[in-house]
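I have placed the structure first, in the form of structure tokens, so that the comments after it can refer back to it.
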Amino acid sequence: MKRYGLFRFGTLNYALSLLQIQKIKQGLEAYPLPRLPGAVAAVLVDDDQLVPLLDLSWIQKEDLRHEVTKQGYQVLIDSEYGTVALPAEVTGRIVSEQKGTLSEVVTAKEKEFGTVAKFVYQRIEYNILDINFLAIELTQGFWNSRSDTGGARRHQ
Amino acid sequence: MSCNRRLVFRLGRMGFLLELTDVVEVVDQIKNDIDPGRSDMRQGIVSALKFRKSWIPAVDPALILDISSTLRLQDKVAVILRGFEGNWALLVDQADELFAAESFKPCEIPFLLKTSATGFYSQIKLLNQEPVIVFEPERYYGSSAVAV
């Protein structure tokens, strides 16, 4: 039975497959290493490893960068390129797929940066994030804003 | 100074680790010994500092690393380093203390951050679970830094 972790950051509700979630930590110290890519807010230390904390406000149209390091939860996720962390409010929960409705993102209009599908649970829509895509895009600078694409949306 | 100890200094909130091999002295009060009029920003020199009756270049690595500091130039601490071309001063926000080399645990820079660190630092260590950057002076002043 597939399960999702459901989280919220700012106005973004997002979902991650439980299989990708390595652990959920609370109140980890965030360190602002110099010269981090623009979409990495800080690094966390977990088990003697550095973990980039991604700034999810890049996939929204909100300026919440200063909020990223203040969130109650940090969700550590396995990506193909190493562990990354996402900020989350302390309202996260884990639900099985059958308790909600899954929908594919099919049209260009619906397509959102780093979102592969939507999961609706209790009438709230959660973006299922493509972590491998986001990890590489947000850390290697490919996300760079373009005036003609309305912010971070490079892939249309 | 003992070679198996390391100096930890801070730029903003970030900690840096410096080998003592090239450290000549740490000067806490520089207010009366700086001349910001003698700068050369192309080489990262923000001021001249009078040290042992000579004027030496003072470099602020926070500018190169894009770290914001609330300290004014005259309130910084100078770490005097021995270089190929003579002494030079590294301006830092705070020089914490000396730690034994064994206090630091090695720590990999994540693959995803390697590109952004390139040219600025190549090693990070953990001191009591806090990441500290191994400061490589040659990246910030001297002939190799100018070439960059």
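Chain A is the first sequence line, chain B the second, and so forth, proteins listed ahead of strands; every chain is numbered from 1.
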Worksheet item: Same hydrophobic cluster for A:Val95 and A:Leu102, using side-chain heavy-atom links shorter than 4.5 Å among ILVMFWY?
Response: yes
Worksheet item: Mind checking whether A:Val120 and A:Leu129 sit in one hydrophobic cluster, side chains of I, L, V, M, F, W, Y counted as touching below 4.5 Å?
Response: no
Worksheet item: Is the backbone N or O of A:Pro34 less than 3.5 Å from a side-chain atom of B:Tyr121, with the two atoms forming a donor-acceptor pair by type?
Response: yes
Discussion item. Less than 4.5 Å to any heavy atom of chain A: does that hold for the side chain of B:Leu11, its backbone, both, or neither?
Written reply: neither
Discussion item. Surrounding CD of B:Gln129 (heavy atoms of other residues, nucleotides or ligands, distance under 6.0 Å), is the total greater than 12?
Written reply: yes
Item to complete: Give the cluster check for A:Leu56 versus A:Tyr73: same hydrophobic cluster or not, with ILVMFWY residues linked at side-chain heavy-atom distances below 4.5 Å.
Response: yes
Worksheet entry | Top of B:Leu113, B:Ile67, B:Asp66 for chain A proximity - count of heavy-atom pairs under 4.5 angstrom | B:Leu113
Discussion item. If I take atom CZ from residue B:Phe111 and atom CD from residue A:Gln140, how far apart are they, to the nearest 0.5 angstrom?
Written reply: 6.5 Å
Practice prompt. Return yes if some donor-acceptor pair links the side-chain N/O of A:Arg35 with the main-chain N/O of B:Ile64 below 3.5 Å, else return no.
Written response: yes
Item to complete: Kindly compute the distance separating CG (A:Asp48) from NZ (B:Lys125), expressed to the nearest 0.5 Å.
Response: 13.5 Å
Worksheet item: B:Leu73, B:Leu71: one ILVMFWY side-chain cluster at the under-4.5 Å cut-off?
Response: no
Discussion item. Can you tell me how far apart CG (A:Leu33) and CD1 (B:Ile124) are? Round to the nearest 0.5 Å.
Written reply: 4.5 Å
Fill in: Joint hydrophobic cluster, B:Leu98 plus B:Val26, side-chain heavy atoms closer than 4.5 Å
yes
Item to complete: Output the distance between atom CG (A:Leu50) and atom CG (B:Leu126), rounded to the nearest 0.5 Å.
Response: 6.0 Å
